[in-house]
Amino acid sequence: MDAAALAALRAFDRAHVWHPYSSALTPTDPYVVESAEGVRLRLRDAAGDAREVVDAMSSWWCAVHGYRVPELDAAVTEQLGRMAHVMFGGLTHEPAVELSRRLLALAPTGLEHVFLADSGSVSVEVAMKAALQYQLAAGRRRTRFLTVRGGYHGDTFSPMSVTDPDGGMHALFRGVLPEHVFVPRPPGGIDLAADDPALVAWEATTREVFARNAADIAAVILEPVLQGAGGMHVYPPRVLEVLHGLAREHGALVIHDEIATGFHRTGPRWAGDRVTTTPDILCVGKALTGGYLTLAAVLCTREVAEGVSRGAAGGLMHGPTFMANPLACAVAVANLDLLARRDTEAEVARLEAGLRDGLASATTLDAVADVRVLGAVGVVQLREAVRVPEVTAAAIARGVWVRPFRDLVYTMPPYVTSDADLTTLTAGLVGAVADVHR
Ligand code: PMP
């Protein structure tokens with residue numbers, strides 16, 4: 001792209017194109033990405049200069065094998081030769097069935113039915129609908145969900161309603177959003193002992209709130225162990241045991257939202273694998289297609305599937321146009337093949353060690369409140385809000401693409417990031433924080 005075409009593209013973007021959470025009055029000036037390969041994005045800056053940067057974000061946590069992955073490119077190309085898309089009402093196809101077969105083989109025990117949705121938020125909508133339909137069919141008019149504060153489940157209305165009421169958009173949409181039941185955010189730390197006073201206090205409050213609202217609660221919904229967009233907060237697996245126990249006791253279902261944490265991002269295949277109890281409903285997305293196309297899945301037990309189906313509606317009441325899109329399913333199957341072939345757990349353990357080493361020096365910076373690492377997730381939390389444009393620019397100058405939010409400069413790198421690139425990445429993040437937040 002020559003300089004004039006680049007300038008025109010930027011001008012039209014600023015004048016007409018929404019970006020995530022963007023303003024039409026004060027539009028940001030996004031970098032233009034021309035192409036991406038391996039773990040590198042090729043950017044053009046405002047001056048038109050090209051620059052390659054190591055990707056710290058995996059395109060919002062989904063491009064786990066990086067970009068232009070030969071096996072994934074081939075899967076899309078091959079499927080294009082058959083059909084890009086076809087409706088799923090009254091029809092089925094091999095990519096959808098094969099993907100469902102693979103997902104169920106990888107899923108926690110007991111999950112036997114798959115709904116292939118078109119994005120993470122939609123999968124959460126479907127999971128919540130399934131829980132409500134299940135309870136209704138069993139003769140229980142339960143219309144509320146229980147969750148912990150500090151979570152994030154997506155931007156459509158139902159996911160928004162169980163996202164953190166303070167950090168989310170509850171104030172903005174008050175009166176429109178249904179009001180669900182929130183218990184406090186669990187205390188932080190993956191290794192926190194069960195008898196830690198903060199955890200004991202959390203459990204006591206949670207038991208009390210749950211018991212008080214039990215007759216209304218259709219399901220508990222949680223991001224197991226790592227709350228992502230709600231603040232990159234890591235909490236102990238004991239929290240899952242407590243909430244699973246309470247759900248069973250009070251006749252509520254358990255929904256695990258592993259859209260961000262699934263496929264080994266925190267170490268084990270599912271973050272919820274750290275406990276022996278399993279969810280009734282599981283949402284997966286993001287890394288499901290290796291970051292190629294939008295696709296998510298809702299997995300549920302036979303008990304839930306058959307319960308839903310016994311209700312007056314006679315089935316699970318959802319059916320989007322692009323349900324089970326064949327291109328997305330085909331690339332997801334190829335992605336699962338790659339994950340299996342690559343010893344992903346070892347890859348993530350290597351990244352975890354590299355992130356710990358590489359980010360450790362951030363603890364010496366005055367501006368830094370906390371540094372934490374879990375699996376292939378590294379977080380530098382500041383004492384103040386990140387100056388996002390400045391930190392982003394400083395990181396790019398150091399050869400790294402990062403997109404901080406709130407007080408967090410974090411990375412979820414592609415699993416294929418080499419040790420050398422990881423060193424560039426962590427040095428870039430720590431250096432950018434030091435450059436900007438003195
Ligand atoms: N749940 C979780 C835990 C997420 O992290 C996200 C996306 N960041 C979503 C749901 C929503 O997914 P999508 O953006 O694909 O709608």
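Note that ligands are numbered from 1 as they come in the structure, with each ligand's atoms numbered from 1 the same way.
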Could you check whether any heavy atom of Trp60 sits closer than 4.0 Å to an atom of ligand 1, since that is the contact criterion I want to use? no
Hey, is Ser119 one of the residues with a heavy atom under 4.0 angstrom from ligand 1? yes
Taking CZ in Arg383 as the centre, count heavy atoms belonging to other residues, nucleotides or ligands within less than 6.0 Å. Is the count above 12?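 Atom CZ in Arg383 is crowded, with more than 12 foreign heavy atoms closer than 6.0 Å.
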Should we say atom CZ of Arg403 is surrounded by more than 12 heavy atoms from elsewhere, each under 6.0 Å from it?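 No.
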[atom]: which protein heavy atom is closest, and how many Å away?
| atom | answer |
| --- | --- |
| atom 8 (N) of ligand 1 | Lys286 NZ, 2.9 Å |
| atom 15 (O) of ligand 1 | Gly120 N, 2.9 Å |
| atom 2 (C) of ligand 1 | Asp257 OD2, 3.4 Å |
| atom 14 (O) of ligand 1 | Ser121 OG, 4.4 Å |
| atom 9 (C) of ligand 1 | Tyr152 CE2, 3.8 Å |

Could you tell me if Asp73 and Tyr292 have a donor-acceptor pair between their side chains, going purely by distance under 3.5 Å?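 A donor-acceptor contact under 3.5 Å links the two side chains.
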Under a 3.5 Å threshold, yes or no: a donor from one side chain and an acceptor from the other, between Glu384 and His437?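 Note: Glu384 and His437 side chains meet the donor-acceptor criterion.
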Could you tell me whether Glu223 approaches ligand 1 through its side chain, its backbone, both or neither, with non-hydrogen atoms closer than 4.0 Å?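 Glu223 to ligand 1: side-chain contact only, backbone stays beyond 4.0 Å.
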With a 4.0 Å cut-off on N to O distance, would you call Glu98 and Arg102 a salt bridge?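 Judged by the 4.0 Å cut-off on N to carboxylate O distance, Glu98 and Arg102 do form a salt bridge.
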When rounded to the nearest 0.5 Å, the distance separating CZ of Arg238 from CG of Leu192 is 11.5 Å
In terms of ring plane angle, is the pair Phe210 and His250 parallel, tilted or perpendicular, where the classes change at 30° and 60°?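 If you compare the ring of Phe210 with that of His250, the planes turn out parallel.
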Going by the atom numbers of ligand 1, which of them fall below 4.0 Å from some non-hydrogen atom of [X]?
| X | value |
| --- | --- |
| Ala260 | 5 (O) |
| Trp61 | 5 (O) |
| Gly154 | 10 (C), 11 (C) |

Donor-acceptor pair, Gln79 side chain versus Met83 backbone, under 3.5 Å? yes
